[in-house]
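These figures come from a predicted structure and were not determined experimentally. Whatever order the structure lists them in is the order used to number ligands and atoms, beginning at 1. Along the sequence shown, residues carry numbers from 1.
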Amino acid sequence: MPPLRRSRLLAKRRVALLFYESSTRTRTSFELAAKSLGADTVLVSALSSSIEKGESLKDTGITLRSLGAECIILRHPNSGAPYLLARSTGLPILNAGDGTHEHPTQALLDLRTILFRLSARNRLSDAIAPLNSGVLRGVRIAIVGDILHSRVARSNALLLPRLGAQVIFCGPKELLPDNAAGIGPGVSVERTLEHALANADVVMMLRIQRERLAGLQLDLEDYTARYQLNPERLARHAPDVLVMHPGPMIRGLEITSEVADGPNSAIMDQVQHGTAIRMALLSRALQSRLANTSKEKQKRS
Ligand code: CP
C-alpha cells in the first residue's frame, strides 16, 4: 500500500478513540486517518481505563471532553451507545460499531470497494462520478451468514439499496429470521447459498459471532457444510463473483483460505479503503464542529 499523504487539515485538533470492544481494522484505520490529517489522537480502551472500575459511558465522555477531545470515535457493545454519548457530550461521535445495530463506516468502505472493483470490470459507468440513486442499479449483493448479530449486514442493507443495489440475505433460520427482509426495500431472503451465489455479483461473507450466540443452538459442522464459501462452490456457482468479508475472518469456517486469498477476493481492498473513508468522515465531523463553534462565537460577540 502506498504511504498516506500527510496533511495539516486537522492540525492541533484532538480525537479520542473510545473502544469498549476489541478491534484491529476499525481502530487502526481511524487512528491512521486522524494522524494522516495532522490530528492528535488518544486511545481509551475498556480494559485499561477507569471503565474497568465502573465509570459510566457518560462520565467517560465528559472526562475526555474536559481533556480537550473534540470528537470521539466509539465502539460499544450496546446498540444506541453513540446517541447517548452524543447527547451527553455535545461532541461529534463517529460510530465504530454499536452492538448488533450498525457499523456505518464499514458499509461506506464496502461501498467504495464495490464501486472501484465493479467499475474496473466495466459493470458500472463511472466510479468517481457523484453518487446517485442508480449507481448500483442491477448489482446483486449476497450477504451470507450471521445476519442476526451483524451490524455490518444491517448498515449495508440500509445503504446499498439506496443506490439501486439488490441485497440478498442468506443464512439458516437461527441466524436469519424470516422477517429480516423487512429491514427495508431492496432486501430479500434466500436460504440456500448456491441459489444466492448464482444470482450475485458480490458476496459478503460474515463471521459467526460466537461471543453473541448465547442460548442459540447452532451446529457449526452443519453450518460449515451448508454455508462455507469454498473453491468448489465458487467455481460451480459464481466463478466471477467479487468476494468480500468485513473481518475478522475465521478461516475454515465461513470461508476457506483458498477463497479468501484467491483472485476473486477484495478483502484486503476493503481494509485499505477504510482509511480514506475515515479520513473523509473525520474531516467532515471536525470541520463542521469548527464552523458551528465560530458561528456561536460570532452570535455571542
Ligand atoms: N470490520 C471490523 O469492524 O473489524 P475490526 O473488528 O477488526 O475493527
Side-chain angles (χ1 to χ4, degrees), residues 1 4 15-36 41-48 51 71-82 93-114 116-117 141-160 167 169 171 175 202-213 229 242-251 253-255 259-261 265-282:
M1 188 171 85
L4 287 171
V15 173
L17 295 111
L18 179 52
F19 276 65
Y20 285 74
E21 284 183 345
S22 55
S23 165
T24 299
R25 281 147 285 268
T26 312
R27 203 191 88 184
T28 311
S29 62
F30 259 123
E31 189 168 347
L32 288 173
K35 288 198 161 118
S36 69
T41 62
V42 62
L43 170 68
V44 178
S45 63
L47 285 180
S48 56
I51 297 165
C71 170
I72 300 177
I73 296 154
L74 177 68
R75 171 165 288 191
H76 200 281
N78 293 347
S79 300
I93 307 299
L94 294 176
N95 184 356
D98 63 325
T100 57
H101 177 225
E102 283 228 45
H103 195 345
T105 65
Q106 178 71 42
L108 288 170
L109 73 87
D110 289 341
L111 169 63
R112 189 172 151 100
T113 306
I114 293 168
F116 271 73
R117 279 291 194 116
I141 298 161
I143 305 182
V144 181
D146 189 356
I147 310 285
L148 182 67
H149 301 107
S150 176
R151 51 199 179 203
V152 175
R154 183 183 294 267
S155 284
N156 270 301
L158 292 171
L159 174 66
L160 300 173
V167 167
F169 279 160
L175 301 176
V202 178
V203 60
M204 264 182 218
M205 300 306 295
L206 301 174
R207 179 176 68 93
I208 298 287
Q209 299 193 30
R210 289 178 201 247
E211 68 275 26
R212 300 191 217 269
L213 281 185
L229 191 59
L242 185 67
V243 174
M244 297 174 65
H245 193 307
M249 289 182 273
I250 308 299
R251 290 171 184 255
L253 207 164
E254 72 271 10
I255 193 167
V259 175
D261 303 329
S265 174
I267 296 170
M268 286 305 124
D269 293 21
Q270 289 173 268
V271 173
Q272 291 178 4
H273 284 300
T275 311
I277 286 294
R278 288 165 179 140
M279 283 170 75
L281 292 168
L282 278 164

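- At the top of the distance list for atom 6 (O) of ligand 1, counting protein heavy atoms only, stands R75 NH1, 2.9 Å.
- The main-chain N or O of R154 is never found under 3.5 Å from a side-chain atom of E102 such that the two would form a donor-acceptor pair.
- With respect to D261 and R251, a salt bridge is recorded, a charged nitrogen being found less than 4.0 Å from a carboxylate O.
- Selection from Q106, E21, M249, H103 by nearest heavy atom to atom 3 (O) of ligand 1 gives H103.
- Between the side chain of R151 and the main chain of G99, a donor-acceptor pair closer than 3.5 Å is present.
- Rounded to the nearest 0.5 Å, atoms CD1 (I51) and CZ (F19) are 11.5 Å apart.
- Contact detail for T105 and N95: the closest heavy-atom pair is CG2-O, 4.0 Å.
- At the top of the distance list for atom 1 (N) of ligand 1, counting protein heavy atoms only, stands P246 O, 2.8 Å.
- The shell of residues lying under 4.0 angstrom from ligand 1, judged by heavy atoms, includes G247.
- Residue contacts with ligand 1: R27 is placed with no nitrogen or oxygen under 3.5 Å of a nitrogen or oxygen of the ligand (distance criterion only).
- Counting heavy atoms only, T26 comes closest to atom 2 (C) of ligand 1 of the residues V271, V152, L109, T26.
- In this structure, atom 4 (O) of ligand 1 lies nearest to the protein heavy atom R25 NE, 3.0 Å.
- The shortest non-hydrogen separation linking S155 to P104 is OG-N, 3.5 Å.
- Within ligand 1, counting atoms from 1 as listed, the ones closer than 4.0 Å to a heavy atom of T24 are 5 (P), 7 (O), 8 (O).
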